[in-house]
There are 2 protein chains.
Amino acid sequence: MNLRQISKLFYQLKLANQEMTTKFEKETGFSITRYELMMFLKENGQCSQTILQNELKIDSAAVTRHLKILEEKNYVIRERNKNNNREVVVRITDNAAKELEHCEREFSHSNKTIISPLNEEEENTLLSLLTKLVK
Amino acid sequence: MNLRQISKLFYQLKLANQEMTTKFEKETGFSITRYELMMFLKENGQCSQTILQNELKIDSAAVTRHLKILEEKNYVIRERNKNNNREVVVRITDNAAKELEHCEREFSHSNKTIISPLNEEEENTLLSLLTKLVK
DNA sequence: CGTCAATAGTTGACTAATCAAATATAACTT
DNA sequence: AAGTTATATTTGATTAGTCAACTATTGACG
């Protein structure tokens, strides 16, 4: 592929990302990043911000800001680690866990073609190509 | 796919987009959006901002701001349309056209696996899946 | 045991997008 | 010809990310 074709591919990637991100937030009420963050806490229990940063592959500043918002909405609780006061230990609230479960149930009954027009096989192909791309 | 799987897919899309966008700018010196914008002008000649907005599928406010920056760098020229003073007619400068061509030549000699580890077939599959996704 | 380096998180400045409101011009309607 | 509506662009506020500079705490070592 020449540069022009690469730029079209990457631009399409940008458009797809924008659209899917918006759709996801409209559908669930959570931004994709905050959804991933909370699901990680729900599935793996409490952890430090550094672990979240590595897991989500975003800047530590972004983590701080997301957590500030989630804390204000009572979706997470943050406490300094007694054994290492530099560290903040983050955990999800029951309230948030319930809301996430509600979201998943809702979605399982909804028409899935609204959020993605791809079939499962295509979605899997897409995921593996995207994964290879960032590797 | 359940919501959790969808969120992982979309999050991977976000990560891929961030990484490719950054790589593209490092490689070429142009942001992907401004590159697309200038290439459109180069390939299609002058046009109004509304046309650019539809072509790039971004907000008109974003178009205005990109053009302001490109104008300051002497990459585009903007003039009000004499026959319809609401409209701004935008065209690319010779200088910009030359720089874009230089970029393309550079890229054609470079190691393409740096910017994308996918082979051509995978790139084409990816493009068609992304296109279907935003359709 | 005191300094110096490393780690963890926060804050500020910047970018690129969105939406909504404002402005300017043109076109339509009576 | 005046008033209203539609079109084109701009500006301001907000969001989510980056990087760089700062603060606080811990650990290491001479």
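A note on names: the letters A, B, ... follow the listed sequences, proteins ahead of strands, and every chain is numbered from 1.
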| Mind checking what makes salt bridge (charged side-chain N to carboxylate O under 4.0 Å, His left out) contact with B:R34, not counting sequence neighbours? | none
| note | Residues at least two apart in sequence or cross-chain that pass salt bridge (charged side-chain N to carboxylate O under 4.0 Å, His left out) with B:K68, listed by chain then number, are B:E72
| Residue pairs involving residues 100-109 of chain B (criterion side chain to side chain donor-acceptor pair (under 3.5 Å); sequence neighbours excluded) | B:K42-B:E101
| remark: Ordered by number, residues from residues 3-27 of chain A within less than 4.0 Å of DNA chain C (heavy atoms) are A:K14, A:Q18
| note | The single option from B:R4, B:K8, B:K14 that satisfies salt bridge (Lys or Arg N to Asp or Glu O under 4.0 Å) with A:E36 is B:R4
Filtered N/O pairs between nucleotides 2-4 of chain D and protein, under 3.5 Å:
none

| said: Take a 6.0 Å sphere around CD of A:E43 and say whether it holds more than 12 heavy atoms from other residues, nucleotides or ligands. | reply: yes
| task | Take nucleotides 1-12 of chain C nucleotide by nucleotide from the 5' end and write B, S or -, depending on whether a protein heavy atom sits under 4.0 Å from the base, only from the sugar-phosphate, or from neither. | result | -----BBSSBBB
| query | Once you round it to whole Å, what is the distance between P of D:dA8 and CD1 of B:I58? | reply | 17 Å
| Would one find a side-chain N or O of A:S31 under 4.0 angstrom from OP1 or OP2 of D:dT15? | no
| With nearest nucleotides of DNA chain C determined for B:R34 and B:K82 from heavy-atom distances, which residue corresponds to the more 5′ nucleotide? | B:R34
| request: Specify the separation, in whole Å, of atom CG of A:N83 and atom C1' of D:dT25. | output: 14 Å
| field | Qualifying ring pair (Phe, Tyr, Trp, His ring centres under 6.0 Å) pairs, either residue in residues 32-57 of chain A, two or more places apart | value | A:F24-A:Y35
| request: For B:H66 and D:dT9, give me the distance from atom NE2 to atom P, rounded to whole Å. | output: 16 Å
| query | Taking only residues two or more places apart in sequence, or in another chain, which ones meet A:E27 in a salt bridge (charged side-chain N to carboxylate O under 4.0 Å, His left out)? | reply | none
| message | Under the rule for side-chain hydrogen bond (donor to acceptor under 3.5 Å, both in side chains), what residues qualify as partners of B:N81, not counting sequence neighbours? | response | B:E87
| field | With B:K132 via salt bridge (charged side-chain N to carboxylate O under 4.0 Å, His left out) - residues at least two apart | value | A:E122
| query | Which residue pairs pass the ring pair (Phe, Tyr, Trp, His ring centres under 6.0 Å) test with at least one member in residues 52-89 of chain B, sequence neighbours excluded? | reply | B:F30-B:Y75
| said: Tell me every residue that passes side-chain hydrogen bond (donor to acceptor under 3.5 Å, both in side chains) with A:D94, counting only those two or more places apart in sequence or in another chain. | reply: none
| request: Using whole Å, report how far CG of A:N85 lies from P of D:dG27. | output: 11 Å
